[in-house]
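Report on the structure given below.
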Amino acid sequence: MTRADVARRAGVSPALVSYVINGGPRPVSEQARRRIEAAIEALGYRPNAIASALRGGMTRTIGLLIPSPANPFFAEMAEAFVVELSRRGNTLSIGITDDNPDREALYVRSFIDRRVDGLVTASSRVARTVERTATDALPMVVVDRVEERLTERLSSVHMDNPRMAMLAVEHLQAHGHTRIGCIAGPWPLVVSDDRVAGWRAQQQQVGADAGDAWVEHAEFTAAGGRDAAYAMLGPRARRGRQRPTALLVTSDVQAIGVLTACAELGLRVPDDVAIVAVDGTAAARYTQPPLTTIRQPLTEMVRTAVGHLLDTIADPSSEPAHTVLEGNLVIGSSCGCAVGGGQPSSSR
């Protein structure tokens with residue numbers, strides 16, 4: 001079925017059908033609109049989105065590149081983008097990169113070939129890939145993993161990672177802990193460095209040791225968290241350093257692996273090792289014990305990122321916008337708090 005078929009059945013011109021489908025640019029009488037909508041439904045007409053994009057330059061499709069849905073945070077992020085973009089009349093095309101530069105480049109070329117209107121990425125490296133690949137500027141916003149040197153060119157949205165890491169460590173200190181280790185993400189990710197910086201700054205505020213011997217870097221995976229916990233707490237932990245009594249774990253997915261390692265090592269959480277994680281995913285509520293975690297303001301991050309991106313698509317000459325958001329501490333029992341109490345239950 002074509003637009004002309006709809007027009008003949010409704011007894012109107014093809015131009016009026018176009019105005020109804022595209023919401024303008026000219027008004028259509030209510031009577032004609034009802035006839036056109038009835039004809040569309042009766043004939044099962046579906047506009048050719050690709051042809052419309054070639055004519056009008058818009059596909060109303062956004063590309064999203066995420067490292068891995070195996071990390072609950074990015075799975076929840078993808079779902080939030082689907083909901084927000086759908087609410088605004090756009091569809092989402094998702095690419096999973098596994099932090100592989102070659103795969104990132106492949107997805108970027110594919111998105112450009114498919115004429116996406118814009119791109120959201122959780123990797124600042126993708127921005128450089130786009131610059132190398134695209135002949136024309138592609139509207140883009142970076143979420144979560146933001147490098148400062150990119151902010152002059154691209155819009156960005158992320159949590160205040162140093163400040164939120166300080167909040168997490170401060171909570172552990174309120175339980176009486178000073179020997180607080182940090183299980184960090186892979187180096188040299190900025191988000192990992194920022195969370196380590198927050199841990200270090202808060203430890204130094206109370207005169208506690210914040211040297212590199214108290215930091216273990218690992219992938220943002222459960223396996224990475226388990227391996228880092230063995231290196232931090234296991235029989236082969238670094239000599240000359242006491243075992244930490246508490247840990248800042250820089251992602252929920254790592255913390256799942258840390259809990260596994262503690263169980264295997266015979267360490268009780270929080271009695272032997274207290275834990276506060278970062279991300280605040282739904283999965284954190286269902287670990288044993290439930291994780292205390294810094295929840296990223298994911299809904300607000302996604303809504304803000306979509307707003308920045310659609311503004312850039314509408315006006316490519318607009319200045320980049322940068323938003324830094326606060327997270328909040330969600331109390332479980334992995335830190336030593338009584339569940340629901342929110343207060344330290346003991347001191348060390």
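The first residue of the sequence shown is numbered 1, and numbering continues consecutively from there.
- Side-chain atoms of Thr61 and Ser93 form no donor-acceptor pair, as typed in the model, at a separation below 3.5 Å.
- Residues Gln173 and Ile180 form a side-chain contact, since some pair of their non-hydrogen atoms from C-beta on lies under 4.5 Å apart.
- Between Arg87 and Glu84, at least one side-chain nitrogen of the basic residue sits less than 4.0 Å from a carboxylate oxygen of the acidic one, meeting the salt-bridge criterion.
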message: Using side chain to side chain donor-acceptor pair (under 3.5 Å), reason through Glu264 and Thr260 one step at a time and then give a plain yes or no.
response: CA-CA 6 Å; Glu264 293 169 350; Thr260 298; 5.9 Å; no

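- Considering all non-hydrogen atoms of both residues, Gln296 and Phe73 come closest at NE2-CZ, 3.4 Å.
- Thr293 contributes no side-chain N or O that, together with a main-chain N or O of Val330, makes up a donor-acceptor pair within less than 3.5 Å.
- Counting non-hydrogen atoms of other residues, nucleotides and ligands closer than 6.0 Å to CD of Glu79 gives a total of 12 or fewer.
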task: I would like to know whether Asp5 and Thr2 meet side chain to side chain donor-acceptor pair (under 3.5 Å); could you show each step before the answer?
output: CA-CA 5 Å; Asp5 296 325; Thr2 68; 3.2 Å; yes

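- Considering CD1 of Ile62 and CZ of Phe81, their distance stands at 10.0 Å, rounded to 0.5 Å.
- A distance of 9.0 Å separates CG in Asn90 from CZ in Arg88, rounded to the nearest 0.5 Å.
- Other residues, nucleotides and ligands contribute only 12 or fewer heavy atoms inside 6.0 Å of the CD atom of Gln31.
- Taking 4.0 Å as the cut-off between side-chain N and carboxylate O, Asp194 and Arg145 do not count as a salt-bridged pair.
- Residues Trp187 and Val196 fail the side-chain proximity criterion, which asks for heavy atoms closer than 4.5 Å.
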- request: Determine, stepwise, if the pair Arg9 / Leu43 fulfils side chain to side chain contact (heavy atoms under 4.5 Å, CB included).
  value: CA-CA 9 Å; Arg9 186 179 182 95; Leu43 295 174; 3.8 Å; yes

- request: Show your working on side chain to side chain contact (heavy atoms under 4.5 Å, CB included) between Arg60 and Thr91 and close with a plain yes or no.
  value: CA-CA 6 Å; Arg60 300 193 73 82; Thr91 57; 5.9 Å; no

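- The pair Asp193-Arg200 does not count as a salt bridge, with every side-chain nitrogen at least 4.0 angstrom from each carboxylate oxygen.
- Val120 and Phe74 fall within the same hydrophobic cluster, defined by Ile, Leu, Val, Met, Phe, Trp and Tyr side-chain heavy atoms under 4.5 Å apart, directly or through other members.
- A donor and an acceptor atom, one from each side chain of Arg303 and Thr299, are nowhere located under 3.5 Å apart.
- Checking side-chain atoms of Asp99 against main-chain N and O of Pro67 turns up no donor-acceptor pair under 3.5 Å.
- Note that CD of Glu170 and CG of Leu329 are 10.0 Å apart. Values are rounded to the nearest 0.5 Å.
- By the 4.5 Å heavy-atom criterion applied to side chains, Met159 and Val278 are counted as neighbours.
- Looking at His217, its side chain does come within 3.5 Å of a backbone N or O of Gly185 through a donor-acceptor pair.
- Between Leu85 and Leu64 the shortest side-chain heavy-atom distance does not fall below 4.5 Å.
- When side chains are defined from C-beta on, Val269 counts as touching Leu259, because their heavy atoms get closer than 4.5 Å.
- Under 3.5 Å, the side chains of Arg295 and Asn328 contain no donor-acceptor pair of N or O atoms.
- With hydrogens and angles disregarded, a donor-acceptor distance shorter than 3.5 Å links the side chain of Gln254 to the backbone of Glu219.
- The closest side-chain heavy-atom distance from Gln205 to Met166 is below 4.5 Å.
- From Leu247, atom CG reaches atom OG1 of Thr245 across 8.5 Å, with rounding to the nearest 0.5 Å.
- Residues Pro290 and Arg285 form no side-chain contact, since every pair of their non-hydrogen atoms from C-beta on lies 4.5 Å or further apart.
- Val191 and Val157 end up in different hydrophobic clusters when Ile, Leu, Val, Met, Phe, Trp and Tyr side chains are linked at under 4.5 Å.
- Looking only at side-chain heavy atoms (C-beta outward), Ile256 and Thr287 come within less than 4.5 Å of each other.
- Clustering ILVMFWY residues whenever any of their side-chain heavy atoms sit less than 4.5 angstrom apart, transitively, puts Phe220 in a cluster other than the one holding Met164.
- Cluster annotation: Ile275 and Leu233 are assigned to the same hydrophobic cluster (Ile/Leu/Val/Met/Phe/Trp/Tyr, side-chain heavy-atom contacts under 4.5 Å, transitive).
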Residue pair Tyr19, Ile36: steps toward the side chain to side chain contact (heavy atoms under 4.5 Å, CB included) verdict: CA-CA 10 Å; Tyr19 299 158; Ile36 292 168; over 6 Å; no

task: May I have the step-by-step check of side chain to side chain donor-acceptor pair (under 3.5 Å) for Ser251 and Asp279, ending in yes or no?
output: CA-CA 6 Å; Ser251 74; Asp279 277 341; 4.8 Å; no

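- Ring orientation note: the planes of His175 and His171 are nearly perpendicular, at an angle over 60° on the 30°/60° scale.
- Checked by atom type, the side-chain pair Thr304/Glu300 shows no donor-acceptor distance below 3.5 Å.
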field: Audit row: His308, Thr323, side chain to side chain donor-acceptor pair (under 3.5 Å) steps and yes/no
entry: CA-CA 9 Å; His308 289 342; Thr323 304; 2.9 Å; yes

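- The distance from the CZ atom of Arg33 to the CG atom of Leu16 is 10.0 Å, given to the nearest 0.5 Å.
- Cluster membership check: Leu154 shares its hydrophobic cluster with Ile112, using side-chain heavy-atom separations under 4.5 Å among Ile, Leu, Val, Met, Phe, Trp and Tyr.
- To the nearest 0.5 angstrom, Ile96 atom CD1 is 8.5 Å from Arg103 atom CZ.
- The closest side-chain donor-acceptor pair between Asp311 and Ser318, if any, does not fall under 3.5 angstrom.
- The pair Asp209-Arg179 does not count as a salt bridge, with every side-chain nitrogen at least 4.0 angstrom from each carboxylate oxygen.
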